[in-house]
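Below: the structure, in structure tokens.
Note that the coordinates shown come from a computational prediction; the quantities given were computed from them, not determined experimentally. Start at 1 with the first residue, then count along the sequence.
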Amino acid sequence: MLPLPTRFAGIILAFAPLFVHRSWRHAQNLLVGAILTPGQRTVTSVLRIMGRAQERRFVNVHRILNRAAWSPRIGSRILLCLLVDTFAQRGPVVLGLDDTIERRRGKRIAAKGIYRDPVRSSDSHFVKASGLRWMSLMVLAPIPWAGRVWALPFLTALVPSERACRERGRRHKPLLDVGRQLALQARRWLPRRDLVVVGDSGFSALLFLDAMRRARITAITRLRLDAALYEPAPPRPPGTIGRPRTKGARLPTLAAILAAKDTRWHAVVVPGWYGAGERTLEIASGTAVWRHGGLPVVPIRWVLVRDPESRFAPQALLCTEPMREPAQIVGWFVRRWTIEVTFQEARAHLGVETQRQWSDTAIARTTPCLLALFSIVTLLAARLSARQRRRVAAAAWYPKPRPTFADALAAVRCAIWRERTLATSPRRRARTKPRFRLPAPWAYALCHAA
């Protein structure tokens, strides 16, 4: 086992209660090795980077993912507590909920399906992608030394395809059901904190919003411009017979409010507008009741957003807490963009979609662990000194004022390797100066082809 910096021990050892003693030794090697390994995140690559290429019982490391008894859900709770204590000690805890497709092939991967690729598809072009669908819940928190908001995953669940569930005789869970379960799990873990869940238009469903409202979770999503909005139900007079009313008079659609000339618009400055800095926008807001036949009635605050310079089409947002400030709603919703950045960073730097497991248990554990590695690296980088965190991979042709996740990962790797080189020498002094020999992990990381 490589010697770790003392400042990293508190975060690494927080996950020790998940495993028994023997399993924890292998799991610790997997965790540190996944941080140090470049390229593919296979178990064999981890063994090589940790200097255990000649380990004859290498199968024990594989069993951590496909057989060992440990609970990923308990690990998610530990990670959430670490993230909240480090980056969200005060104020509401803003959570981002979104799904992604991991492109995987193989006959033994039973849960894979064929889905619409949201990155490559457009309104006029439909692209299919074969792989696994994951639903991830992330903490959207500002990172002080990065100067921006990062999406930090802590709970990820596999959403098997409908065909896979039918072949196994199981009930298929739609994305909304899985997202609702993840959000309610976060509520049980943080019962006393104010939670805000931000999602895209796929979560703009009355059943999902009503579940969030009853769980005391503020949900923020997009809203259709032609949604049926009503005034709240009037007070029920005493002695009235029949079922109570659920809605009042019909309100104009948001499309009509957008086109009306008497709509009152207010200028607000939104920080961090999709990675482009501050943006001045015009918003109009109001309260209403969103209702559809046979579905729950949800009171909302709607917010219309338009650009004075007409650089994007007007859009509408909703919030299940009518007392929230409209500018705050827009600011929280803009944080959702960092979720896509995290998915891309995990593919580029953490080896997502490069693992080679085919066991159902290993598949269900590996990808959530790799996504959680994004948050663990961020926590480790927060333990470094300010001078180490400020180091960025800038060049004459690439100015970079703020560190990114790639810089944070490089700083953590540098701290781990430095601890290896500064390890205490043996007590017995050598009479002759030993010849420098490149360690096997360094040779694998530097000399072998990627």
Side-chain angles (χ1 to χ4, degrees), residues 11-37 40-47 49-50 58-83 99-106 108-113 131-138 152-161 164-165 168 170 173 178 181-182 185-186 189 342-343 346-347 349-377 379:
I11 295 189
I12 301 297
L13 295 179
F15 300 95
L18 296 175
F19 306 89
V20 297
H21 177 68
R22 293 182 180 180
S23 298
W24 168 240
R25 182 164 54 89
H26 300 307
Q28 191 175 2
N29 282 317
L30 278 178
L31 175 58
V32 179
I35 296 175
L36 299 176
T37 302
Q40 295 184 353
R41 291 310 193 278
T42 58
V43 176
T44 54
S45 298
V46 171
L47 289 175
I49 204 67
M50 297 298 292
F58 57 88
V59 67
N60 293 331
V61 184
H62 286 271
R63 288 173 178 170
I64 296 298
L65 298 174
N66 59 23
R67 188 176 300 182
W70 59 279
S71 175
R73 186 171 60 177
I74 298 179
S76 299
R77 182 176 185 177
I78 296 174
L79 182 57
L80 174 61
C81 294
L82 292 174
L83 293 174
D99 66 292
T100 185
I101 298 176
E102 178 190 359
R103 297 167 183 85
R104 292 287 298 275
R105 295 181 180 180
R108 294 187 176 184
I109 303 178
K112 68 178 184 299
L132 301 171
R133 173 171 282 183
W134 299 90
M135 179 69 69
S136 184
L137 189 62
M138 310 182 185
L152 307 174
F154 67 92
L155 181 59
T156 304
L158 177 63
V159 185
S161 63
C165 294
R168 298 190 175 188
R170 299 179 180 177
K173 289 185 180 180
V178 178
Q181 291 180 347
L182 297 185
Q185 182 67 75
W189 289 342
T342 296
F343 286 146
R347 291 184 175 94
H349 304 293
L350 297 180
V352 175
E353 297 181 352
T354 64
Q355 60 271 28
R356 292 294 178 265
Q357 290 83 8
W358 56 266
S359 171
D360 292 343
T361 305
I363 288 175
R365 289 176 172 179
T366 305
T367 301
C369 288
L370 289 179
L371 289 175
L373 194 63
F374 186 98
S375 302
I376 295 176
V377 170
L379 289 170

How close do [X] and [Y] get, counting heavy atoms only, and between which atoms?
{"X": "L132", "Y": "I363", "result": "CD1-CG2, 3.5 Å"}
{"X": "A372", "Y": "L79", "result": "CB-CD2, 3.6 Å"}
{"X": "N29", "Y": "V46", "result": "O-CG1, 3.6 Å"}
{"X": "F15", "Y": "G75", "result": "CE2-O, 3.7 Å"}
{"X": "L370", "Y": "G351", "result": "CD1-O, 3.9 Å"}
{"X": "T354", "Y": "Q40", "result": "OG1-CA, 3.5 Å"}

Supply the atom-to-atom distance [X] [atom1] to [Y] [atom2], rounded to the nearest 0.5 angstrom.
{"X": "L83", "Y": "M138", "atom1": "CG", "atom2": "CE", "value": "11.5 Å"}
{"X": "H62", "Y": "R67", "atom1": "NE2", "atom2": "CZ", "value": "12.0 Å"}
{"X": "I35", "Y": "I376", "atom1": "CD1", "atom2": "CD1", "value": "6.5 Å"}
{"X": "L36", "Y": "L31", "atom1": "CG", "atom2": "CG", "value": "9.5 Å"}
{"X": "S375", "Y": "I11", "atom1": "OG", "atom2": "CD1", "value": "11.0 Å"}
{"X": "D99", "Y": "F343", "atom1": "CG", "atom2": "CZ", "value": "7.5 Å"}

Subject >> Stepwise side-chain contact (heavy atoms from CB on, under 4.5 Å) check, M50 with V61 >> reply: CA-CA 12 Å; M50 297 298 292; V61 184; over 6 Å; no
Original post:
So do the side chains of L13 and W24 get within less than 4.5 Å of each other, counting heavy atoms only?
Top reply: yes
Subject >> Flag side-chain contact, heavy atom, 4.5 Å: V32 against I49 >> reply: no
Original post:
Checking side-chain contact (heavy atoms from CB on, under 4.5 Å) for the pair W189/R73: CA distance, chi angles, key distance, verdict?
Top reply: CA-CA 11 Å; W189 289 342; R73 186 171 60 177; 3.5 Å; yes
Within the side chain of [X], is there an N or O that forms a donor-acceptor pair under 3.5 Å with the backbone of [Y]?
{"X": "K112", "Y": "R105", "answer": "no"}
{"X": "S45", "Y": "R41", "answer": "no"}
{"X": "T100", "Y": "W134", "answer": "no"}
{"X": "S136", "Y": "P153", "answer": "no"}

**OP:** Scan for side chain to side chain donor-acceptor pair (under 3.5 Å) pairs involving residues 363-373, sequence neighbours excluded, and state none if there are none.
**Re:** E102-T367, Q355-T367
Subject >> Listed partners of W70 passing ring pair (Phe, Tyr, Trp, His ring centres under 6.0 Å), at least two apart >> reply: F19
Subject >> Chi angles and distances behind the side-chain contact (heavy atoms from CB on, under 4.5 Å) call for V352, F374 >> reply: CA-CA 11 Å; V352 175; F374 186 98; over 6 Å; no
**OP:** Please test L182 against M135 for side-chain contact (heavy atoms from CB on, under 4.5 Å), starting from the C-alpha separation and ending with a verdict.
**Re:** CA-CA 9 Å; L182 297 185; M135 179 69 69; 3.5 Å; yes
Original post:
side-chain hydrogen bond (donor to acceptor under 3.5 Å, both in side chains) with T361: which residues, sequence neighbours excluded?
Top reply: none
